[in-house]
> 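If you scroll down you'll find the structure; I have some questions about it.
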Amino acid sequence: MENRVKNKIAFITGASSGIGKACAEKLAKLGVNLILTARRKEILENLKKDLEEKYQIKVLILTFDVRNYDEVKSNIDSLPDDWKNIEILINNAGLAVGLDKFHEYKIDDVDKMIDTNVKGFIYIGNSIIPLMLKTDKVCSVINIGSVAGDIAYPGGSIYCSTKFAVKALSDSMRADLMDKKIKVTNIKPGLVETEFSVVRFRGDQDKADSVYKGIDPLYAEDVAETIVYVANLPDKIQIPELSITPLHQASGIHIFKNN
Ligand code: NDP
Ligand code: 8X3
């Protein structure tokens, strides 16, 4: 595989865990310099140290909550000029909280999901794309949607609607940018065993484990490999959408489990 990403700068949200962290590791290995963001500073600091030592790349960390527009904007505005030449954005930070019936959701959980997965997602894209428009290079915006954004499932009303929103936002973004040098991809994973379900079930590890019982799920590295494939394509090739599921998952609602 030709390495077309070496020495580029990638901006990754949700880099402290799961898919975002795995993307950081795979891109670092290919010589990409990284801006890693999340709320958990210590994890990012350890990751920076590890990746800089192992791969001789440069890593800059920013700790902010994507739900806070002022924090997002001021952190991105304060990047040193040479770090503003971002060619790859992985807009990945997101979460589910709860698996409740629509009418039983606590509004606090509704707000967490919509504020993070939709508003935070918009704040990031809205802040980074203008920087990309200033470069003369072909850039990639890689949004992390979900198969939950194709078909809604019981208990998933709010989370699924946020991922439907990621699809709509990605489609509009791609159309708005079609005369520019920016490609937009919506990556839609199925079941990936990360901290996602532990967060969804508020730290209940047994409940989280049961999501992946009876199926060999994807791991963060599997999804990251696909994301890196997209980021590393020749300039003229755009992949608008890409679904990725484990062997025994056909869609967000069709899952074969061997219990
Ligand atoms: P993880 O829980 O492992 O990682 C989520 C990441 O998002 C963490 O780094 C977390 O960092 C960050 N994050 C969450 N909330 C905020 C916030 N308010 N501000 C800043 N960062 C935040 O889950 P995944 O890696 O699985 O999830 C990544 C993306 O993939 C999400 O958008 C998710 O919806 C999507 N996805 C996941 C699937 C799965 O089955 N796991 C399937 C399909 C899509 P920190 O807590 O340090 O802030
Ligand atoms: C996360 C995976 O199972 O909620 O998008 O569809 S799932």
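The shown structure was predicted, so the numbers you read here are calculated from the model rather than taken from an experiment. Ligands are counted one by one from 1 in listed order, and the atoms in each one are counted from 1 as well. Values below: all heavy atoms of this structure, side chains included; hydrogens, waters and symmetry mates excluded.
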> With rounding to the nearest 0.5 angstrom, report the OG to CD distance, Ser157 to Glu104.
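Result: 10.5 Å between the selected atoms.
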> Is Arg40 salt-bridged to Glu195, cutoff N-O under 4.0 Å?
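Answer for the salt bridge query: yes.
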> Is Pro217 in contact with ligand 1, taking contact as a heavy-atom separation below 4.0 Å?
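It does not; every heavy atom stays at 4.0 Å or beyond.
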> Would you mind listing which atoms of ligand 1 come within a distance below 4.0 Å of any non-hydrogen atom of Phe64?
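Matching atoms, with element in brackets: 19 (N), 20 (C).
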> Any heavy atom of Ala96 sitting closer than 4.0 Å to ligand 1?
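No, that is not the case, since the closest heavy atom of the residue is not under 4.0 Å from the ligand.
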> Which ligand 1 atoms are under 4.0 Å away from a heavy-atom of Arg67?
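Those atoms are 18 (N).
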> Of the protein's non-hydrogen atoms, which lies at the shortest distance from atom 9 (O) of ligand 1, and what is that distance?
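Answer, as residue, atom name and distance: Ser16 OG, 2.8 Å.
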> Using a 4.0 Å heavy-atom threshold (strictly under), name the region of Thr116 that reaches ligand 1: side chain, backbone, both or neither.
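Only the side chain of Thr116 comes within reach of ligand 1.
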> Please state which protein non-hydrogen atom is closest to atom 41 (N) of ligand 1 and give its distance, to 0.1 Å?
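Of the protein heavy atoms, Val192 O, 2.9 Å lies nearest.
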> For Ser146, take its heavy atoms, then give the atoms of ligand 1 lying under 4.0 Å from any of them.
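Answer, ordered by atom number: 43 (C), 44 (C).
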> Starting from atom 6 (C) of ligand 1, what is the nearest protein heavy atom, named by residue and atom, and what distance separates them?
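Of every protein heavy atom, Gly14 CA, 3.7 Å lies nearest to atom 6 (C) of ligand 1.
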> Relative to the heavy atoms of Ile144, which atoms of ligand 1 are at a distance of less than 4.0 Å?
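Reading through ligand 1 atom by atom, the close ones are 29 (C), 30 (O), 35 (C).
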> Strictly by salt bridge (Lys or Arg N to Asp or Glu O under 4.0 Å), give each pair with a member in residues 12-36 just once, sequence neighbours left out.
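Listed once each, the pairs would be none.
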> Just jot down the ligand 1 atoms closer than 4.0 angstrom to any heavy atom of Gly18, in number order.
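Close to Gly18: 3 (O), 25 (O).
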> Numbering the atoms of ligand 1 from 1, which are under 4.0 Å from a heavy atom of Gly145?
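Answer for ligand 1: 43 (C), 44 (C).
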> Under 3.5 Å, N/O to N/O: give me all the pairs between ligand 2 and the protein, one per line with atom names and distance.
unit_1, atom_1, unit_2, atom_2, d
ligand 2, 4 (O), Tyr153, OH, 2.4
ligand 2, 5 (O), Ser146, OG, 2.6
ligand 2, 5 (O), Tyr159, OH, 2.6

> Is Tyr153 reachable from Val110 through a run of hydrophobic residues whose side-chain heavy atoms are each under 4.5 Å from the next?
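Yes, because Val110 and Tyr153 connect within a single hydrophobic cluster, where side-chain heavy atoms sit under 4.5 Å apart.
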> Can you check whether Pro189 has an N/O within less than 3.5 Å of an N/O in ligand 1?
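Between Pro189 and ligand 1, no N or O pair is found under 3.5 Å apart.
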